[in-house]
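See below for the structure under consideration.
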Amino acid sequence: MAENKNEKMEAIVSLAKRRGFIYQGSEVYGGLSGTWDYGPLGVTLKRNIMNLWWKMFVEDREDMYGVDAAILMNQKVWQASGHVDTFTDPLVEDLVTHRRFRADHLLKDAGFVVDGLSLDDMTRLIVDNSVLSPDKNELSSVRTFNMMFKTNVGPVDDESSVSYLRPETAQGIFTNYKNVLDSFYPDLPFGLAQQGKAFRNEISPRDFIFRSREFEQMEIEYFVNPADWEVEFEKWVGLVHQWTDALGLPAENVHELEVEGADRAHYSKRTIDFEFDFPIGREELLGLAYRTDFDLMNIQNAAGKNMDYTVKGTNTKFVPHVIEPSFGVERALMAVLSSAYTEDEVNGEKRIFLKLSEHLAPVKYAVSPLLKNKPELVAKAREVYAILKKKHGAVMWDDNGNIGKRYRRQDEIGTPYCVVVDFDTLEDSMVTIRDRDTTEQHRTLIEEL
RNA sequence: GCGGGCGUCGUAUAAUGGCUAAUAUGUCUGCCUUCCAAGCAAACGAUGAGAGUUCGAUUCUCUCCGCCCGCACCA
């Protein structure tokens with residue numbers, strides 16, 4: 001097994017696989033880098049996170065509208081959004097050290113204006129002016145690396161049929177802004193929310209599910225009066241913290257990073273990265289960006305459609321500005337798993353458990369007969385199981401081994417409560433409930449579960 | 001993509017140019033068990049894929065796939 005400096009991360013990856021949360025994509029064929037498959041528990045945990053988000057940001061609010069746009073979009077979307085240009089990095093390679101650099105960055109550093117230059121133009125500039133790599137060696141010609149997955153739509157494989165798997169979900173929202181205005185004409189501010197897959201051909205997918213080539217986003221485009229953007233932005237800072245609280249992430253592990261000018265995305269006037277202390281280090285968990293009217297204006301110019309919003313009962317018109325909180329599902333999941341992963345000792349033995357919040361845990365209750373070779377206990381336990389299953393859904397039957405083993409198994413998958421039917425249950429209709437975190441137990445009536 | 005290190009049951013480890021590839025745990029079956037991985041018995045389960053060298057390859061070589069560390073990239 002390869003060296004891994006991070007034991008906690010390794011333990012989580014191992015548990016995730018062993019217990020049926022997350023597997024390497026295409027594993028039977030040797031895997032496919034940057035893809036991950038979700039097992040029975042993983043898909044439930046992931047959906048619980050996504051549903052929590054949907055409830056919190058869409059269902060529980062009056063100003064939010066859900067959409068679900070197609071992943072394949074007209075190629076004009078990506079030209080207008082700037083992705084065709086900016087998701088394509090011009091790279092050069094040092095012919096001696098083989099290190100790679102951004103050609104445009106090297107040229108800019110050397111004092112050249114590179115805006116609008118073709119690859120050939122850049123190569124010529126490098127050759128004519130003997131531009132060297134930072135390691136003082138000759139450079140290769142300029143080649144592109146496109147982060148977007150390209151594909152063709154329809155039977156003809158030519159330029160007109162080119163499309164891309166979306167590298168972000170946001171554009172699917174912007175392209176429907178006008179549709180939603182026509183259907184609802186909500187008062188400002190209002191938001192459009194979407195969950196869905198996005199694809200990026202990362203050079204180097206890394207760190208378990210942290211950076212992968214196919215991932216799921218939860219995004220909101222919140223449309224505001226340009227005059228109000230700062231106030232609304234601050235509100236979203238607060239809402240983001242509510243979200244990380246709801247995930248059960250310790251507040252002290254969530255950090256705000258104000259992203260400075262040059263590092264911001266091409267569309268953004270202000271960005272805060274919310275970072276989390278992952279086992280792999282402090283890394284971005286989600287982003288909050290003020291996108292101005294960049295996207296709507298792009299559409300207005302490229303598609304020739306008016307994007308104005310008219311304030312009701314007035315003649316005031318403007319193109320709304322946008323606050324965009326953008327959440328990565330896998331990163332949220334990884335943050336949840338890392339902060340839930342706990343080791344302690346019970347009776348001098350190491351115990352591993354996932355301290356998942358009740359509303360996120362893939363299994364809420366495990367039901368067991370105290371002994372599985374006593375038919376009367378099994379029958380009663382089955383009864384209790386059926387009642388709970390009907391009521392809560394996420395309930396597991398477990399009669400494996402002995403009671404201690406079952407507790408440990410359930411601990412590892414984060415089941416908050418284990419319900420045990422014993423001989424007294426047959427007399428008093430009470431069951432034992434054992435708490436995952438404290439390992440304490442108490443008795444309660446079956447009806448009160 | 002470059003450089004370095006790697007790839008053995010689900011997981012964690014062992015061993016080997018030639019005997020049935022070992023141990024623990026797990027999973028499963030039976031017995032047992034009146035609350036925290038107890039015990040007994042049995043079974044299942046692996047050399048990432050392909051090619052080459054060889055009488056014989058999991059072991060040596062090559063290609064591919066994947067993983068780890070570093071670089072670079074990360075809107």
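Any value given below was found using the heavy atoms of this structure, including those in side chains, with hydrogens, waters and symmetry copies removed. Order of the sequence lines fixes the chain letters, A, B, ..., with proteins taken first and strands second; residue numbering starts at 1 for each chain.
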> Using a cut-off of 4.0 Å on non-hydrogen atoms, how would the nucleic acid contact of A:T432 be classed: base, sugar-phosphate, or nothing?
Replying inline: base
> Which part of the nucleic acid, if any, lies within contact of A:V346, taking any heavy atom under 4.0 Å across all strands shown: a base, the sugar-phosphate backbone alone, or nothing?
Replying inline: sugar-phosphate
> How far, in whole Å, is B:A41 from B:G5 if one measures between their C1' atoms?
Replying inline: 44 Å
> Can you list the residues that meet the side chain to side chain donor-acceptor pair (under 3.5 Å) rule with A:N402, with sequence neighbours excluded?
Replying inline: none
> NA contact type, A:D422, heavy-atom cut-off 4.0 Å: base, sugar-phosphate, or nothing?
Replying inline: base
>> Can you tell me which nucleotide in B:C36, B:C35, B:G66 comes closest to the side chain of A:R408?
In response: B:C36
> P atom, B:G3 versus B:C64: distance in rounded Å?
Replying inline: 12 Å
> Where along residues 433-449 of chain A does a heavy atom come under 4.0 Å from RNA chain B, residue by residue in number order?
Replying inline: A:R434, A:T439, A:Q441
> For the ring pair A:Y177 and A:F223, is the centre-to-centre distance below 6.0 Å?
Replying inline: yes
>> Taking the nucleotide of RNA chain B with the nearest heavy atom to each, does A:E27 or A:L370 sit closer to the 5' end?
In response: A:E27
What does the list of N/O pairs under 3.5 Å between the protein and nucleotides 27-32 of chain B look like, with a distance for each?
residue: B:U27; atom: OP1; partner: A:R409; partner atom: NH1; Å: 2.2
residue: B:C28; atom: OP2; partner: A:N400; partner atom: ND2; Å: 2.7

> For RNA chain B, what dot-bracket results from Watson-Crick or G-U pairs at under 3.5 Å, with [ ] for crossers and | for inter-strand partners?
Replying inline: (((((((..((((....[...))))((.(((.......))).))...(((((..]....))))))))))))....
> With A:D228, which residues qualify under side chain to side chain donor-acceptor pair (under 3.5 Å), at least two apart?
Replying inline: none
> If you look only at pairs with a residue in residues 378-388 of chain A, which of them pass as a side-chain hydrogen bond (donor to acceptor under 3.5 Å, both in side chains), with sequence neighbours excluded?
Replying inline: A:K380-A:E383
Is there any protein nitrogen or oxygen under 3.5 Å from a nitrogen or oxygen in nucleotides 41-48 of chain B, and what are the pairs?
none

>> From C-beta outward on A:N347, which listed nucleotide comes closest to its side chain: B:C36, B:G10, B:C35?
In response: B:C36
> Pick the nucleotide of RNA chain B nearest each of A:L32 and A:V421; which residue has the one closer to the 5' end?
Replying inline: A:V421
> Can you tell me how far P in B:A49 sits from the matching atom in B:U11, rounded to whole Å?
Replying inline: 14 Å
> Taking the same atom, C1', in B:U8 and in B:U23, what whole-Å distance lies between them?
Replying inline: 13 Å
Extract all donor-acceptor atom pairs below 3.5 Å that involve side chains of residues 230-239 of chain A and protein atoms in other chains or at least two apart in sequence.
residue: A:E232; atom: OE2; partner: A:K235; partner atom: NZ; Å: 3.4
residue: A:E234; atom: OE2; partner: A:R270; partner atom: NH1; Å: 3.1

>> Mind checking if A:R200 touches a base, just sugar-phosphate, or nothing, with heavy atoms under 4.0 Å?
In response: sugar-phosphate
> Would you say the side-chain atoms of A:D295 and A:Q171 include a donor-acceptor pair closer than 3.5 Å?
Replying inline: yes
> Can you name the residues that form a side-chain contact (heavy atoms from CB on, under 4.5 Å) with A:T439, not counting sequence neighbours?
Replying inline: A:V346, A:R351, A:R434
> Is the gap between the ring centers of A:Y164 and A:H83 under 6.0 Å?
Replying inline: no
> Out of B:U33, B:U34, B:U11, which has the shortest distance to the side chain of A:S14?
Replying inline: B:U11
>> A cation-pi test, strictly: NZ or CZ of A:K46 under 6.0 Å from the centre of the six-membered ring of A:Y38 and no more than 45 degrees from its axis. Yes or no?
In response: yes
>> Among residues at least two apart in sequence or on other chains, which ones pass side-chain contact (heavy atoms from CB on, under 4.5 Å) with A:T271?
In response: A:V259, A:R264, A:S268, A:D273, A:A289
> What integer number of Å spans the C1' atoms of B:U53 and B:A14?
Replying inline: 28 Å
Output side-chain donor-acceptor pairs under 3.5 Å for residues 322-332 of chain A, partner residues at least two apart or in another chain, one line each.
residue: A:E324; atom: OE1; partner: A:R291; partner atom: NH1; Å: 3.1
residue: A:E324; atom: OE2; partner: A:R291; partner atom: NH1; Å: 2.5
residue: A:S326; atom: OG; partner: A:E219; partner atom: OE2; Å: 2.7
residue: A:E330; atom: OE1; partner: A:E216; partner atom: N; Å: 3.0
residue: A:E330; atom: OE2; partner: A:E216; partner atom: N; Å: 3.1
residue: A:R331; atom: NE; partner: A:F210; partner atom: O; Å: 3.1
residue: A:R331; atom: NH1; partner: A:E284; partner atom: O; Å: 3.3
residue: A:R331; atom: NH2; partner: A:F210; partner atom: O; Å: 3.4

>> Checking contacts here: which listed nucleotide (B:G70, B:C67, B:A38) is nearest the side-chain heavy atoms of A:R206?
In response: B:G70
> When you check the phosphate oxygens OP1 and OP2 of B:C67, does a side-chain N or O of A:S33 lie under 4.0 Å from one of them?
Replying inline: yes
>> Would you measure the distance from the P atom in B:A21 across to the matching atom in B:C44 and give it in whole Å?
In response: 13 Å
> If we take the P atom in both B:U27 and B:A38, what is their distance in whole Å?
Replying inline: 11 Å
> Charged N to carboxylate O below 4.0 Å: is that the case for A:E202 and A:R213?
Replying inline: no
> Are the charged groups of A:E283 and A:R206 less than 4.0 angstrom apart, N to O?
Replying inline: no
> What integer distance in Å separates A:N298:CG from B:A75:C1'?
Replying inline: 13 Å
>> Suppose you measure atom P in B:U59 against the same atom in B:G50; what distance do you get, rounded to whole Å?
In response: 12 Å
>> By the salt bridge (Lys or Arg N to Asp or Glu O under 4.0 Å) test, which pairs, at least two apart or in different chains, include something from residues 364-378 of chain A?
In response: none
> For A:D398, which of A:Q410, A:R406, A:K405 qualifies under side-chain hydrogen bond (donor to acceptor under 3.5 Å, both in side chains)?
Replying inline: A:Q410
